[in-house]
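Only heavy atoms go into these numbers, but all of them, side chains included; no hydrogens, no water, no symmetry mates. None of these values were measured; they are calculated from a predicted model.
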Amino acid sequence: MARDRNTRCPAARARTARPALSRRNEQPSHIGQMVLHFYHTRSGGEVMGATVAVIGLGAMGLPVARHLLAAGVRVTVRDLDPAAVRAAVAHGAHSAASDAEAAENADAVAVFVPTDADVLAVCLGSSGVLAGAGAGTAVLLCSSVRPETCRQVAADAPAGVDVLDAALTGGVRGAEAGEINLLVGGDPAALERVRPLLAPWTAAVHHLGPLGSGQVGKTANNLVHWAQICAVTEALELARRAGVDVRALRRALMDGPTDSRTLRELEQMRLTWHAKDLANTATLAAEVGLEIPVAETARRVMTGIGVEDVARLLGNGPLYQS
């Protein structure tokens, strides 16, 4: 059950709820381009009046902060790495001494930390995000975590603070380009209120259902992603051993029904987090009673495939070194 704000943080008693952000120029065919009535699009210059807190300035969080700053949004940041904080401040961000301080007066708080335990650590407790967030704030859990973690954070949220799970697909390159595909679960009204603040760093935003649905969607995405990598690399290695040049075959496959972003961009993929992603898949499958032989195979195969192995294969060398 959500707790009354005044029982948690005396300083918040004087804080009034922020009015909902309104929108104009809504374009349902490209929801990532919607803007506030007093905002301009990211191509049109300054964005006025809103504050976003970014918690976690790693490979995803720092680019998101940069895109928000470039759009004119006031950004407050928090990270345990002083160098990451300095990088964000150099682009115009304000640093906070705690997660709670970062969340104060923020219209939205975007959390980009690695694990379920990290999400709970930065959101809960006397110095966590929820201790600083006021009525009208939306907390976006952008990490890849279990739906139960999202529900745990929401259960501790003060009255008037909305929690959305907002899982990212598109990877680091998507974050750098400001073209994240966002999978969201939670109150649709809360999403509509903050949707304009997503425009500077997303290409598409999808509402999938109640809280936790975004993470379920991300888990499905991850299963497809890792299974594709296993299938593509295995197919190329099979052909190589049978005497076909991998480079020629790859070009041929790109012109057929097997073409995919995975096939085209394989050498650009970092191949990280497969263990965590597929463990989350196994957990979800156990909860819903589904056997997942493809995911289990991918979980085993990915332990033996690294970036150097893929690079060697794409140069027509062996995938596996004896």
Side-chain angles (χ1 to χ4, degrees), residues 58-60 63 112 114-116 143-146 167-177 179-183 203-204 206 214-322:
M60 307 300 282
F112 299 90
T115 69
D116 293 76
S143 309
S144 294
V145 294
R146 296 185 298 272
L168 288 69
T169 68
V172 174
R173 283 171 289 117
E176 291 285 353
E179 296 178 349
I180 286 295
N181 181 38
L182 204 62
L183 310 181
H206 302 274
Q215 298 297 339
V216 172
K218 178 63 181 292
T219 299
N221 173 87
N222 290 343
L223 172 53
V224 173
H225 173 67
W226 296 116
Q228 279 186 326
I229 290 174
C230 292
V232 168
T233 54
E234 185 172 286
L236 295 177
E237 174 66 0
L238 176 65
R240 187 196 68 81
R241 293 193 184 193
V244 174
D245 186 274
V246 168
R247 294 159 295 193
L249 176 61
R250 187 185 183 200
R251 289 192 296 270
L253 295 178
M254 288 178 186
D255 285 334
T258 56
D259 187 26
S260 67
R261 182 174 174 182
T262 299
L263 180 64
R264 289 179 176 272
E265 301 182 0
L266 191 57
E267 63 267 60
Q268 301 178 51
M269 295 180 180
R270 295 156 56 112
L271 306 184
T272 53
W273 300 110
H274 56 83
K276 175 195 170 185
D277 289 346
L278 293 170
N280 285 347
T281 302
T283 298
L284 181 61
E287 291 174 358
V288 302
L290 177 68
E291 293 186 3
I292 49 170
V294 173
E296 291 169 355
T297 299
R299 194 175 185 179
R300 173 177 55 80
V301 171
M302 284 308 305
T303 60
I305 299 177
V307 171
E308 293 180 355
D309 302 312
V310 170
R312 189 171 54 250
L313 174 66
L314 295 182
N316 204 43
L319 174 61
Y320 305 107
Q321 285 189 325
S322 56

Open item on the list: For T303, give me all partners under side chain to side chain contact (heavy atoms under 4.5 Å, CB included), at least two apart in sequence or on another chain.
Closed with: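 Expected list: none.
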
About how many Å separate [atom2] of [Y] and [atom1] of [X], when rounded to the nearest 0.5 Å?
| X | Y | atom1 | atom2 | answer |
| --- | --- | --- | --- | --- |
| I180 | T169 | CD1 | OG1 | 7.0 Å |
| L313 | R247 | CG | CZ | 10.5 Å |
| I229 | L263 | CD1 | CG | 11.5 Å |

Are [X] and [Y] close enough that some pair of their side-chain heavy atoms sits under 4.5 Å apart?
| X | Y | result |
| --- | --- | --- |
| W226 | L271 | yes |
| R240 | L236 | no |
| L319 | R312 | no |
| M60 | L168 | yes |

Can you list everything that forms a side-chain hydrogen bond (donor to acceptor under 3.5 Å, both in side chains) with [X]? Sequence neighbours excluded, please.
| X | value |
| --- | --- |
| S144 | K218 |
| R241 | E237 |
| T233 | none |
| T115 | D118 |

- [ ] Begin from the C-alpha positions of V310 and M269 and carry the test side chain to side chain contact (heavy atoms under 4.5 Å, CB included) through to its verdict.
- [x] CA-CA 9 Å; V310 170; M269 295 180 180; over 6 Å; no

Task: Of all pairs that satisfy salt bridge (charged side-chain N to carboxylate O under 4.0 Å, His left out), the ones with a partner from residues 265-279, not counting sequence neighbours - done: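 Sorted pair list: R173-E265, R250-E267, R261-E265.
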
Task: Donor-acceptor pair, side chain of N316 and main chain of V246, under 3.5 angstrom - done: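 Yes.
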
- [ ] Start with the C-alpha gap between E234 and L238, add the side-chain angles, then the distance that decides, and say whether side chain to side chain contact (heavy atoms under 4.5 Å, CB included) holds.
- [x] CA-CA 6 Å; E234 185 172 286; L238 176 65; 5.6 Å; no

